[in-house]
Structures are given as structure tokens and as C-alpha cells.
**Q** 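Before we start, here is the structure in question, set down as C-alpha cells.
Each chain gets a letter, A, B and so on, in the order the sequences are listed, and its residues count up from 1.
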Number of protein chains: 2
Amino acid sequence: MQTSMTLEELKGMLIEKGIQPSFHRLKILEYLIGHRTHPTAEEVYQALSSEIPTLSRTTVYNTLKLFYQKGLVLALTIEDLEIRYDIDVSPHGHFKCLECGKVYDLPFPLSPAQRSELEGHQILEYHIYFRGICRECRSKQHPA
Amino acid sequence: MQTSMTLEELKGMLIEKGIQPSFHRLKILEYLIGHRTHPTAEEVYQALSSEIPTLSRTTVYNTLKLFYQKGLVLALTIEDLEIRYDIDVSPHGHFKCLECGKVYDLPFPLSPAQRSELEGHQILEYHIYFRGICRECRSKQHPA
DNA sequence: ATTCACTGTGCAATCATTCCAAAATCAAGA
DNA sequence: TCTTGATTTTGGAATGATTGCACAGTGAAT
């Protein structure tokens, strides 16, 4: 879980996923690795645009979507109708504080009660969802 | 799990949650009970506006948000940056088909593998999240 | 130098949702 | 029945995140 990497290591991560390592893509990846705060596209843009004044918002959106489609990051849609990105793609849960808005990582699986005890967070609501191809659509795709 | 109720029963459901039973609110509740398809606000609006031509989109949005705040419905934000509402507030999971877009209810808890076997759905991705007040904010609210 | 494919830009458009001020409705009391 | 005040509803404008699109830039190989 290191928070800074060499340029070569960053390049390797992109190439491994079939993503060409352009300057902007490396910078955005570096930011995600260094800031495990589940940032939104806007937050990434705000953080990098002072360092890279020519950076376009659209580039940030495109890049994060590309990372997601290539499986390099997770995309979280917990609430507020905004997408947050997580460089940690291993199975784990998330906890969003309704007071301060911070998003925490949680071990998984554990019962909500255990988690509450363990972390000291007060859990008011939880939700689990799955994405995939449903039975009906599968049978249409390859009819017996 | 009945799909139609008398007017009195619908009124009772609203009053029980501290919601005044206006005509529009009853109609929207009736729709949610009769259509367990996790509809969006837009879908509810489209379905009811032919029957109630004066219905405003804002009323549907306000009403669904009120129902959610009063704990009468669940709010799902699985993807697509849209909120879906579920009249079933008991603990259960959801499965969204990436092909047809339908949202299925799933028993909970079960391991993803078990669920896949059981239902015939192909699960490509799953996510679990919690909402509440985090440890840090709690200690600020009532300092020892 | 030219070409070609890929990457990045910036503004317009889209889409769901919320804001807001005015209009409608309703209940209770005079 | 009329008045008053609170609540509900309306509809158009505003907001905020995201995407579309057409053009510009870049860089490697010819």
C-alpha cells in the first residue's frame, strides 16, 4: 500500500491494463494512488489543474472512465448523484459519513453490527448491489 | 405482498409514517405498491401523468424524497446517476442487468457464488456500502 | 516533411434533480 | 359561509455532474 511510485512503475500499471501511458493519464493515476479519498472527477481536476494549467475537465472525465472500463479503478455511486473513483479494486465495502461526507474503506465481509463495534461508526443504512447479465438476457444470447 | 390495497389502507400507511395523505401522495404510493420495478421519479411521472394530466414533475420528485426521508421507501443509486425507489424496506440486495437495465430483488445475505447458482444471473461486479455518522463526527457531537 | 492514429481541448448539450415564487387547496374558526 | 393560515402543488428557471462533438495537438513511422 505505498503512496508514491516511480514513473516506470506507474507506466507499468497502465500498460498492464492495456492503457497507453500518456502524461495526463500518468498524472491522474499518480493522484489516485497518492490520495485514497475516493475523489470525484471534479476533485481530481481541481487538484491537478494548478500543476497542469492546460488540463481539461473532459480529459479527467474521459481518463477516469477509461480507467474504470479497463478495470484499473472501482467506480462508486453511493449518493449525491456523483461518481467517486477508488484505486483499490480488491473486494471491500465503503462507509459514507452523512455528516462530513468522507468515504471510508471497510473490511468485507463482516456483519454490520461487528463493523459498527469495530470502527466506532454509527451505521444508519446499508445497501448491497450487484451488476451483471440477468438470466433472461443470458438465455437470449445463447439459446439452448 | 399484495399488489392492490384499499384507499383506507393506503392512507393508513402514510399516516403511520407521519405523512399527510394527499391525493397525489396516495396515487404515487399506490403506483409503487403495484409496480415493484424500482422505478425512477421520471418513470413514476410518465406512468401517472396520463391519468393525472395536471401532475407536476416536481411533485413526484418532492413526494418520493419525502417518502424516503420518512422511511417509507428505499432509495437505490446503483449507477447511471439516477435514483430508483423501492417500496420494500426490508433488508435485501439488488441486481441490475447491464443488458436490459432491469433491477431484480435478491435475498440477503448469501455469497455471490450461491446467488449466481440460485438465480442464474451472471454477476460481474458487486458492491456494498453503508451510510451513517463516522467515529470522528460522533466524538465532535458529544465530546467525552 | 507527411501521414496516421491516438490524445487532449473547450464549449455546447444533456439529463436528473432542485430551487423558488406564485397559485391552489384545505381545515378550522369567526 | 367568509377569512385566515398552513400545506400542497405547480411550472419554469437554475444547478451540477457528465457526455458529445468537432477541432487541435502530439508523436512515431514512413
**Q** Please examine the side chains of L66(A) and R25(A), heavy atoms only from C-beta on, and report whether any two atoms are closer than 4.5 Å.
**A**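 They are in contact (side-chain heavy atoms under 4.5 Å apart), so the answer is yes.
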
**Q** Closest-nucleotide mapping onto DNA chain D: is P53(B) or L81(B) further toward the 5' terminus? I mean the 5' end.
**A**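 With P53(B) and L81(B) compared, the 5'-side residue is P53(B).
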
**Q** Can you identify which nucleotide, out of dT17(C), dG8(C), dT10(D), has its nearest atom closest to the H24(A) side chain?
**A**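 Looking only at heavy atoms from C-beta outward on H24(A), the closest nucleotide is dG8(C).
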
**Q** Check for a donor-acceptor pair, side chain of R131(B) on one end and backbone N or O of L98(A) on the other, with a separation under 3.5 Å.
**A**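 Pair absent, no side-chain N/O of R131(B) close to backbone of L98(A).
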
**Q** Determine the contact category for T54(A): base if any of its heavy atoms lies under 4.0 Å from a base atom, sugar-phosphate if only primed atoms, P, OP1 or OP2 are that close, otherwise nothing.
**A**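 Counting heavy atoms under 4.0 Å across all strands, the contact made by T54(A) is with sugar-phosphate only.
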
**Q** To the nearest Å, give me how far apart CD1 (I19(B)) and P (dT9(D)) are.
**A**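 Nearest whole value for this atom pair: 12 Å.
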
**Q** Side chain of S49(A), backbone of L55(A): donor and acceptor closer than 3.5 Å?
**A**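 Here the side-chain-to-backbone pair does not exist.
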
**Q** dT9(D) P sits how many Å from F23(B) CZ, rounded?
**A**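 Taking atom P of dT9(D) as the reference, CZ of F23(B) is at 10 Å.
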
**Q** Mind checking R57(A) for me? I need base, sugar-phosphate or nothing, with any heavy atom below 4.0 Å counting as a touch.
**A**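 Counting heavy atoms under 4.0 Å across all strands, no contact is made by R57(A).
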
**Q** Any side-chain N or O of T58(A) under 4.0 Å from OP1/OP2 of dT19(D)?
**A**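 The answer is no; no side-chain N or O of T58(A) sits under 4.0 Å from OP1 or OP2.
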
**Q** Round to the nearest Å and state the distance from N62(B) atom CG to dG12(D) atom P.
**A**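 Those two atoms, CG and P, are 16 Å apart.
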
**Q** Just the rounded figure in Å: distance from P of dC15(C) to CD1 of I83(B).
**A**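 Value for this atom pair: 17 Å.
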
**Q** dG12(D) P sits how many Å from Y45(B) OH, rounded?
**A**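 For the pair Y45(B) OH and dG12(D) P, the rounded distance is 10 Å.
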
**Q** Determine the contact category for Q20(A): base if any of its heavy atoms lies under 4.0 Å from a base atom, sugar-phosphate if only primed atoms, P, OP1 or OP2 are that close, otherwise nothing.
**A**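 Sugar-phosphate contact only.
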
**Q** Please give, in whole Å, the distance from dT15(D) P to D80(A) CG?
**A**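 D80(A) atom CG is separated from dT15(D) atom P by 18 Å.
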
**Q** May I ask you to evaluate whether Y61(B) reaches the phosphate of dT17(C), defined as a side-chain N or O under 4.0 Å from OP1 or OP2?
**A**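 True: Y61(B) side-chain N/O within range (under 4.0 Å) of dT17(C) OP1/OP2.
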
**Q** Taking atom types as they are modelled, would you say the side chain of S22(A) forms a donor-acceptor pair with the base of dC6(C) within the 3.5 Å cutoff?
**A**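 When only heavy-atom distances are counted, S22(A) does not reach the base of dC6(C) through any donor-acceptor pair under 3.5 Å.
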
**Q** Would you call the rings of H94(B) and H92(B) parallel, tilted or perpendicular if under 30° counts as parallel and over 60° as perpendicular?
**A**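 The rings of H94(B) and H92(B) stand perpendicular, inter-plane angle above 60°.
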
**Q** Please give, in whole Å, the distance from dC19(C) C1' to K65(B) NZ?
**A**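 It works out to 10 Å between those atoms.
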
**Q** What integer distance in Å separates R25(A):CZ from dG27(D):C1'?
**A**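 From R25(A) CZ to dG27(D) C1': 14 Å.
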
**Q** Measure up the Y104(B) and H121(B) rings against each other and bin them: parallel (under 30°), tilted (30 to 60°), perpendicular (over 60°).
**A**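 Y104(B) vs H121(B) ring planes: tilted.
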
**Q** Measure from the side chain of E82(B), starting at C-beta and using heavy atoms only, and say which of dT9(D), dG8(C), dA16(C) lies closest.
**A**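 Of dT9(D), dG8(C), dA16(C), dA16(C) is nearest to the side chain of E82(B).
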
